[in-house]
Amino acid sequence: MRDPLAALREIATLGGRSPSEGNGHLVAGDELITDTAALGSARISAWEAVKLARELHRPHSIEIIERVFTRFQEMHGDRLFRDDPAIVGGIAELAGRPVVVVGQQKGASTEENIQRNFGMPHPEGYRKAIRLYRLAERFQLPLVTLIDTPGAFPGPEAEERGQAEAIAKSIEVMTGLRTPIVAVVLGEGGSGGALALGVADVVLSLQNAIYSVISPEGAAAILWRTAGEAERAARSLRLAGPDLLELRIVDGLIPEPPAGAHTDHDRTAANIKAAIAPQLERLARKATAELLAERYERFRRIGVVVEPAGEPVAPRRPWWKKVLGR
Amino acid sequence: MRDPLAALREIATLGGRSPSEGNGHLVAGDELITDTAALGSARISAWEAVKLARELHRPHSIEIIERVFTRFQEMHGDRLFRDDPAIVGGIAELAGRPVVVVGQQKGASTEENIQRNFGMPHPEGYRKAIRLYRLAERFQLPLVTLIDTPGAFPGPEAEERGQAEAIAKSIEVMTGLRTPIVAVVLGEGGSGGALALGVADVVLSLQNAIYSVISPEGAAAILWRTAGEAERAARSLRLAGPDLLELRIVDGLIPEPPAGAHTDHDRTAANIKAAIAPQLERLARKATAELLAERYERFRRIGVVVEPAGEPVAPRRPWWKKVLGR
Amino acid sequence: MRLRMPFARRRELPSHLWTQCPDCAEMLFNKQLVRNMNVCPKCEHHFKIGARERIELLADKGTFEERDADLTSGDPLSFVDSKPYRERIEAARIKSGATDAVITGTAAVGGVPVELAVMDFDFIGGSMGSVVGEKITRAAERALARRAPLVVVSASGGARMQEGTLALMQMAKILSAVSRLGDAGIPYISVLTDPTTGGVLASFASLGDVVLAEPKAYIGFSGARVTDQTIGERLPAGFQRAEFVLEHGFIDQVVPRAQLKERIAFFLAALRPKPVDLGWGL
Amino acid sequence: MRLRMPFARRRELPSHLWTQCPDCAEMLFNKQLVRNMNVCPKCEHHFKIGARERIELLADKGTFEERDADLTSGDPLSFVDSKPYRERIEAARIKSGATDAVITGTAAVGGVPVELAVMDFDFIGGSMGSVVGEKITRAAERALARRAPLVVVSASGGARMQEGTLALMQMAKILSAVSRLGDAGIPYISVLTDPTTGGVLASFASLGDVVLAEPKAYIGFSGARVTDQTIGERLPAGFQRAEFVLEHGFIDQVVPRAQLKERIAFFLAALRPKPVDLGWGL
Ligand SMILES: [Zn+2]
Ligand SMILES: [Zn+2]
C-alpha cells in the first residue's frame, strides 16, 4: 500500500501549503477539531461512522435548528412547483441576529421518513433552497446550510423535473452568493444531492458524519459487483469525518458526545453552535469581494493532479490575481 | 354620454403632456400610425377587430418570425418543467444583427391549435420566456416579443404550477431587463397572459389587433350576464388598435393590408419589419440607465386618477429624478 | 373601531346582533366576533374584514397616517354596463366608506416604520383600477425613497373591467416600482387574504420577499368556476385555498389572523433594508 | 483522421471492416461509417465517438491547440477495487489514447476563437476526477481571462468513484469558474452526447447558456437502471433520452451530428462576449 499521506503532500504542493498549516483559515479550539491527530483512539472505523451517520435518532435538521437558533420561522415553497418536505428552511436568530438556514430533513420514525422522503429532495427542494439563498443575499443575511441526505431522490418524476439541473443550479448559485455561508454535514452527505447545499466559505462536519461521492452500497455494487462489500467500499472511499478533514473536504470537525450525536441532541447542538458562531462572526467582517475570492479558492484548490515530472509546481497564484494583474 | 376625449385630457394632465404631443418618443411615418385621425374611414368597429384579430389564418408568431427575421433558431424549454409549445422563442437576425425573439404561438389549424393549446401558455411557457429574456440581457441582445393569446391557460394544472406567479415574474423581469425591448401585439392581447410579454420600451400593435383586460365574452358574462352582449362589451372595453393608441397603451399602429393581415402574410411581416427596425436602431443608442428610466416612466404614466378639486396637478416630476435629487 | 357587519357571502341572518358562521353554521354574537378579530371562535373561519379594520389589527396603535386618501377614479372609458361606472364608484364609496379599493399610508408595525397598503374587497370586489395602481405605486416609491419596507395586504377579484387596458397596465406599473425595491434590497411583504385573484395575484401579490396568507383564503389566477367550466374537470379538494397553494410552493406560511401582526413584525425585524442603495443602474 | 472502431455497446461483430448498427442491425462498412461522422446512414443512430474525433468534427481545420495535455491523475485515496486505480488509469490511457477523460485546448469554431473541452467516454466511462475538474476549470479560467466563449462537449458516467469526495468537489470547482463566465457575459455552450449522466450532468453540463444534445443521447442524473430498481416503476418510453429531456425543458435543441458544428457556430456568432467585463465584485 502506498503511503496515504503522499496524496496530501500532492495536494499541499498544488495548493502551495504544507499540511501542517492546517486548513489555513480555521483555528482549532475546544469547539473544533482541525487536526486528526487530536482524535487519537477516538477515531472510529469508516463503517462505524456510516452506521452512526444513519442512526435513526441522530438529530436531524429541525432538531438542530431548534436548539442552535432561536425564533425559527420556516418558509415554504420553491415558487415553481411544490413545497418539498425533504428540505426545510427559513429565518432564525443566532445570538439575536437573523440568519437564513436551509437543511435536508430526514425523519425520526418511519411515518416521518415517508413524509420527508427519507431526506431525499426532489428538484423542487433544491429550488426552494435556491430561493432562500437569494433571500439571504438580497438582505445580506448569513446563510447556514445543514447537510443530511442519502442523496437526491432518483425517481422518474425527479428526473423529469430536472434533478440534475436543480443540483447544478444550487451549486452554481452558492459559488457566487454575495453573503457568508457556513455548511455543516450533520449525518449523511450523499453525493451531488449533498453538495447542492455544500458550497460554503466554511464547511464543517460532525465528527461521525460521512460525505461521499456515492453510497458505500452503490460503490460496492459497481466496483465489486456485490453490495456485501459495502464495508470495504466505505473504507476505500474515505468518507468519514477524519478522512474528510485530511482531504480538506471539510475545514473542521465538530465533536460529538462520546457515544454519538443521537445520545445527546442538546449537547450536539451546543457543540454546533459553539463551532459556527465564531465562523459567522469572522466571515461577517469580510468584504464581499474577499469572501467570494476566498470561496473560489477554497474549492479551486481541491483535487490531486500531477503536472509533468521534472517540473515542480510552483505555488499556484490565486486566480483572481492573475486576471486582475496584481 | 361623456366626451370620450375628456379622459385623454385627464391622462394628459397627469402625464404633463397634451395629446397633441403624440406618444412622445415615436415619429409617425409610412410604417407607423401614431395618430388615429390618420385612419379616417379605415377605422373599423371593435367587433370587426375582434374577428380579424382571431382570424384562423392571421399570421401567427412563427409566420411573422420567419418573414421579419433571418436564421431563426428556436430555443426550447424553461429549465424547470416542460417546453411549452404555446410560446416560441429563440435567436434570429434582423439586418444581420442577432436579437432574441419570444412570442405566443397559435395554430393555423385545429390540429396545430390543439398542439399549441390555442396559444394559451402554461406557467412553463412564461418561465421559458423569462429564461430567454435573461439570455438577451446577459449578452445584450435586443428583445422582440410578439403577443397573440386569448389569455394564459386557466386549467387546474396551470393553477397548481403557479400561473399567477409566472405571469407576475415575467412582467417584473421585463420591467428591469437591461436591454432594449420592443413588443408587438399581432392578434389577440388577452389580459395578464398577454402583458407577461408586453412590458417594453416600445409597444406596437398591428392595426386590427386587440388588447383587453378581459375577453369581450367574459366581460359580457359578468357585466350583462349573457355572452350575447360580447359585441357591446368589445366596444365598451376599447380594445381595438385605435383605442389603444388613444389610450396610450400602444405607441403606434402597424398598418395591415386593406382586407386584414390574414390576406397577405408577407406584406404584414414587411410592415412589421419596417416598424420595428428603426425602433431597435434608436433604442440601441440609449444608455441602459436611460432605457430603464424611460421604460419605468412609460408604464408609470398609465392610468387616470383625479387629484382633489381645486388643486391642479403639476406635471409629475419623473420618479428617478426625485430619488436622486436631480 | 367602527362596528361593522362581517359579510359572509353565503347564508346569513339579517340581524344587527348576530352573524351565522358560513363554515360551521354557529350563530355568533357580532361584538364577540369583532373582539375575536372577525374569526369564528368555534371553527376559526376567517371572515372578510375591511381595510380600516385590517389597519387597526396590523399597525402599531396611533401610527397609521393615510396618504393619497383623496385620489379618486376618473372614467376614462366612459364605461356603462348595468349602471354607469361613475355611479358604481359612488355606490362603492358609500358601501365601503373608502374612496377606492386600497388604503395606503405610513405606519409602524412592531416598531418598524413601513409603507402599508391594504385592499378592501367591499369596494367593487377589491378590483384594481388606476387609483389602486397609482396609490400602491406611490407607496412603493415612498418606500424606496425613504428605504422603508413595503407591506401590502391584498383582497381582490382582479383588474377592474370598467377601466379596460388602463386597469390591466396597473400590473406593470406597480411591478415596475416593486421590482426596484428588490434591486435596492428593501423588503416587501405580501399578505394574501380572502380572496386574492386575477391581475392582483398575477402581479405584486405573488412576488413578496415573504408571502403570507390567511387560512383558507381563496387564492387563484382564474376563478375556480372559470377553471371548472373551461376544462370540464372536477377540481381537487381544497383547490385554490391557501393551504393548497402553500403545498404547491407559492406561499411561505399560512398565518391565522391572531398571529399575523407578530409574524409580519418578525420578518420586518429580520429583513432590514440594506444600508446602502446599490443602485439599479443610474 | 485515425480510423477507430466505433464501439456499440451491444451486439457487434468483431470485425475490422464492419460494424453492426445496434439500432437497425444494418451491417456498416467502417470506412463509410467514419465518413458519415459515425452516424448510421440507414437509421441515423449516433455512435459514440472519441474526443479526438469530436475535435476534428468541431474545430476549424488546424486551429486546435491542446492545453494541459500532460496533466495526469494522482491516486489520493490509494484506491483499490478489482484492480488498483493506478493500473486502471494506465489501461484507460492505452485504450483511449488520452491521458484522462477530457481533452482541452483553444480552437476556432466557425471562425470564432473559443476554449474547447471534449470528454472521452472511453477513458473510465468519461468519469470526472481531479484531472477532468482541473482541465475544464483551467479552460473556463482561460476563457474568462481572454474573454472567449467556452464550449464543452460532455460524455460521462459521472464522478469518478476512485477519487472519492475529491471527485465530487470537482462539480463545485468547475461551476465556480463557469459561474464567473456568466457574470462576465461570456458565452458558454454545453453539448450533451451519449451518455451524459451523474455529477457531470448535475453540474456544468446542465448550465450552458445554450444546451444542445445529440439525437437519442442518454441524458439523466440517476441511471435508468438505478431509477427503475429504486422505484420499481415502469419508466415512460424514451425516458432519459435527448428528445425526452428536450420535451421536459432542459435542452434548447437536439442537433444531428452533421449539423452540430454549424449550429454551435451560429450561437457563437449571436452570443458575443460582452465587450466590457462588468466584474463580479472585486
Ligand atoms: Zn365557524
Ligand atoms: Zn442504424
Side-chain angles (χ1 to χ4, degrees), chain B residues 65 69-102 115 117 121-144 161 166 177-179 284 287-289, chain D residues 110 112 147-150 178-190 192 201-202 205-213 219 221 236 242-256 259-278 280:
Chain B
I65 290 171
F69 305 97
T70 53
R71 304 185 76 203
F72 175 57
Q73 285 295 335
E74 188 170 355
M75 299 175 76
H76 293 275
D78 61 349
R79 301 290 183 268
L80 293 164
F81 186 78
R82 194 177 72 107
D83 183 52
D84 186 345
I87 287 195
V88 296
I91 296 177
E93 289 181 357
L94 185 69
R97 283 187 294 192
V99 302
V100 170
V101 54
V102 178
Q115 193 243 331
N117 200 34
H122 281 74
E124 51 268 28
Y126 295 111
R127 292 180 182 132
K128 169 163 72 174
I130 291 169
R131 181 176 79 83
L132 294 173
Y133 301 163
R134 290 292 188 206
L135 185 78
E137 181 176 58
R138 176 171 279 187
F139 298 105
Q140 302 186 323
L141 306 183
L143 173 64
V144 175
R161 298 202 288 271
L177 201 77
R178 302 173 67 82
T179 200
T288 304
Chain D
V112 178
R147 304 193 68 72
L150 174 68
V178 163
S179 168
R180 291 193 164 169
L181 291 183
D183 293 346
I186 295 170
Y188 161 43
I189 295 178
S190 173
L192 314 182
L201 188 66
S206 283
L207 298 188
D209 294 307
V210 179
V211 180
L212 306 176
I219 296 163
F221 174 59
E243 295 73 14
F244 178 91
V245 181
L246 176 81
E247 263 178 54
H248 284 277
F250 297 95
I251 292 173
D252 283 299
Q253 295 189 349
V254 173
V255 185
Q259 295 159 40
L260 189 57
K261 178 176 176 170
E262 72 175 60
R263 199 60 49 84
I264 294 171
F266 171 83
F267 285 111
L268 288 173
L271 305 178
R272 295 289 178 153
K274 267 191 198 167
V276 183
D277 185 350
L278 297 178
W280 39 271

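Residue numbers begin at 1 in each chain, while the letters A, B, ... track the order of the sequences. In this text the structure is predicted, and so the values were computed from the model without any measurement.
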Specify the closest pair of heavy atoms between [X] and [Y], including all atoms of both residues, with the distance to one decimal.
X	Y	result
B/Met75	D/Phe267	SD-CE2, 3.8 Å
B/Pro98	D/Ala270	CG-O, 3.6 Å
B/Asp78	D/His248	OD1-O, 4.2 Å
B/Glu93	D/Phe266	OE2-CE1, 4.4 Å
B/Glu74	D/Gln253	O-NE2, 2.7 Å
D/Asp209	B/Phe139	OD2-CZ, 3.3 Å

Contact part of [X] toward chain B, heavy-atom cut-off under 4.5 Å: side chain, backbone, both or neither?
X	value
D/Leu207	neither
D/Val245	neither
D/Leu246	both

With a 4.5 angstrom heavy-atom cut-off, which part of B/Glu137 approaches chain D: side chain, backbone, both or neither?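 The backbone, not the side chain.
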What option among [options] has the most heavy-atom pairs under 4.5 Å with chain D?
options	answer
B/Ile91, B/Leu141, B/Leu135	B/Ile91
B/Arg79, B/Arg82, B/Arg127, B/Arg131	B/Arg79
B/Leu80, B/Val100, B/Val99	B/Leu80

Which value, rounded to the nearest 0.5 Å, describes the distance between B/Arg138 atom CZ and D/Leu181 atom CG?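 If I round to the nearest 0.5 Å, the distance is 9.0 Å.
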Pair B/Lys128 + D/Asp252: basic N to acidic O under 4.0 Å: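 Salt bridge: no.
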